[in-house]
Chemist: 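Quick one: this structure, given as structure tokens, is what I'll be asking you about.
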Amino acid sequence: MLDRPTTIAPDILEVSAVRKIYQASNGPVEALRGVNLTIRKGEFVCLLGASGCGKSTLLRIVAGFEKATEGSVTMYGFPVDKPGPDRGMVFQDYALFPWLTVRDNIGFGPKHRRVASKVVDELTDKFMAMVGLTAFADRYPHQLSGGMKQRVAIARVLSNDTDVLLMDEPFGALDALTRSKLQEELVEIWRTTGLTVIFVTHSVEEAVMLADRVIVMSAGPGRIDCEIEVDLPRPRDVASPEFNVLRREVTQKLTSHIAGSRGVAADS
Ligand SMILES: Nc1ncnc2c1ncn2[C@@H]1O[C@H](COP(=O)(O)OP(=O)(O)OP(=O)(O)O)[C@@H](O)[C@H]1O
Ligand SMILES: [Mg+2]
């Protein structure tokens with residue numbers, strides 16, 4: 001399997017000096033401070049950090065669901081100030097439409113944008129096949145397993161012709177085997193489509209398995225501590241010595257900043 005040469009790709013997203021303050025009932029909460037991040041087109045980036053370090057906040061700002069208090073996010077040089085089909089989000093809890101079938105969930109975005117119904121059908125068939133759900137086209141979300149629901153969520157974003165796939169702990173609720181299968185499938189989709197992926201996780205192992213680059217964040221206020229290039233060939237083998245060297249390095253970087261904090265699966 002060939003890796004994609006993302007190191008020479010142009011920048012797609014730029015996060016500059018982002019600060020986020022939430023007004024909570026017991027006073028302001030500074031969720032992010034001074035966050036700078038450049039994402040190259042086609043890159044697979046994992047945001048890794050302890051609970052509360054602002055990973056979801058950063059992702060939501062990039063998605064346009066949340067506004068930065070200070071600083072800016074640009075995509076292809078244009079300011080991001082609202083959600084758009086060019087940035088699709090996949091959540092841990094699937095967020096599917098329960099009253100729509102697999103087919104209609106996947107076709108929802110293009111249909112909503114008044115794409116011709118023949119094209120909607122073609123897009124739906126294409127992405128349903130890509131995530132292996134063609135045989136389940138007429139099922140409803142409650143008739144699917146967690147892994148299948150997450151496949152629908154991914155296909156639903158892809159059918160929007162999205163450039164950047166934003167994933168907030170998407171496999172966190174799945175059993176280990178299903179999680180590992182979906183990781184493999186996601187890498188295959190990423191490799192074949194040219195998508196840019198920003199993937200939030202607590203798990204060092206998941207980050208090293210998936211990412212070209214791991215961005216380590218820490219809390220109080222949320223910030224980026226360091227980043228680590230993962231130059232292991234794909235498919236990656238968790239049992240290989242090279243994988244373990246990187247897993248240890250990332251774990252050390254993570255724990256040196258958040259010693260004693262809860263909520264991180266250092267899993268090594
Ligand atoms: N809507 C909100 N109002 C007030 N505070 C918030 C809000 N959303 C998040 N926060 C606070 O901002 C900080 C960052 O939260 P965020 O959810 O981004 O962290 P996270 O890294 O995604 O955590 P987790 O790993 O648990 O999902 C936390 O202190 C959180 O309590
Ligand atoms: Mg979160």
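Computed over heavy atoms, backbone and side chain alike; hydrogens, waters and symmetry mates excluded.
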Chemist: Considering residues at least two apart in sequence or located in another chain, which fulfil the side-chain hydrogen bond (donor to acceptor under 3.5 Å, both in side chains) criterion with Asp175?
Modeler: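 Once residues adjacent in sequence are excluded, the partners of Asp175 under the side-chain hydrogen bond (donor to acceptor under 3.5 Å, both in side chains) criterion are Thr178.
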
Chemist: Does the side chain of Arg40 come within less than 4.5 Å of Asp212's, by heavy atoms?
Modeler: no

Chemist: With Gln143, which residues qualify under side-chain hydrogen bond (donor to acceptor under 3.5 Å, both in side chains), at least two apart?
Modeler: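 Expected list: none.
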
Chemist: Identify every side-chain donor-acceptor pair in residues 88-95 under 3.5 Å, counting partners at least two apart or on other chains, and give the distances.
Modeler:
none

Chemist: For a quick test of reading the model, state the closest non-hydrogen atom pair linking Ser56 to Asp168 and the distance between them.
Modeler: OG-OD2, 2.7 Å

Chemist: For Glu185, what residues pass the salt bridge (charged side-chain N to carboxylate O under 4.0 Å, His left out) criterion, not counting sequence neighbours?
Modeler: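 For Glu185 the salt bridge (charged side-chain N to carboxylate O under 4.0 Å, His left out) partners, ignoring immediate neighbours, are Arg151, Lys181.
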
Chemist: Under 3.5 Å, side-chain donor or acceptor atoms of residues 12-28 against the rest of the protein: list the pairs with distances, not counting sequence neighbours.
Modeler:
unit_1: Glu14; atom_1: OE2; unit_2: Thr38; atom_2: OG1; d: 2.8
unit_1: Arg19; atom_1: NE; unit_2: Glu30; atom_2: OE2; d: 2.8
unit_1: Arg19; atom_1: NH1; unit_2: Glu70; atom_2: OE2; d: 3.1
unit_1: Arg19; atom_1: NH2; unit_2: Glu30; atom_2: OE2; d: 3.3
unit_1: Lys20; atom_1: NZ; unit_2: Lys67; atom_2: O; d: 2.7
unit_1: Tyr22; atom_1: OH; unit_2: Thr57; atom_2: OG1; d: 3.0

Chemist: Which residues pass the salt bridge (charged side-chain N to carboxylate O under 4.0 Å, His left out) test with Lys118, sequence neighbours left out?
Modeler: Glu122

Chemist: Could you note down all residue pairs passing salt bridge (charged side-chain N to carboxylate O under 4.0 Å, His left out) where residues 126-142 supplies at least one of them, sequence neighbours left out?
Modeler: none

Chemist: With Arg113, which residues qualify under side-chain hydrogen bond (donor to acceptor under 3.5 Å, both in side chains), at least two apart?
Modeler: Asn160

Chemist: Under the side chain to side chain contact (heavy atoms under 4.5 Å, CB included) rule, collect the residues that match up with Val80, sequence neighbours excluded.
Modeler: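 Only Val73, Met75, Arg87 meet the side chain to side chain contact (heavy atoms under 4.5 Å, CB included) criterion with Val80.
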
Chemist: Name the residue from Glu242, Arg247, Arg248 that meets the side-chain hydrogen bond (donor to acceptor under 3.5 Å, both in side chains) definition with Asn244.
Modeler: Arg247

Chemist: To the nearest 0.5 angstrom, please state how far the CD atom of Glu43 sits from the CG atom of Leu195.
Modeler: 13.5 Å

Chemist: Thr201: what forms a side-chain hydrogen bond (donor to acceptor under 3.5 Å, both in side chains) with it, not counting sequence neighbours?
Modeler: Glu206

Chemist: Please tell me if the side chains of Val187 and Arg236 come closer than 4.5 Å, counting only heavy atoms from C-beta onward.
Modeler: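 No, side chains not in contact.
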
Chemist: Arg156: what forms a salt bridge (charged side-chain N to carboxylate O under 4.0 Å, His left out) with it, not counting sequence neighbours?
Modeler: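 Expected list: none.
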
Chemist: Share the residues that join Trp99 in a hydrophobic cluster, the rule being Ile, Leu, Val, Met, Phe, Trp or Tyr side chains under 4.5 Å apart at the heavy-atom level.
Modeler: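 Under the 4.5 Å side-chain rule, Trp99 groups with Phe97, Leu100, Phe108.
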
Chemist: With hydrophobic residues grouped by side-chain heavy-atom distances under 4.5 Å, do Val115 and Leu158 end up in a single group?
Modeler: yes

Chemist: Should Leu232 and Val208 count as side-chain neighbours, where that means a heavy-atom distance under 4.5 Å?
Modeler: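 They are in side-chain contact.
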
Chemist: Using 0.5 Å steps for rounding, measure from the CG atom of Asp81 to the OG atom of Ser72.
Modeler: 11.0 Å

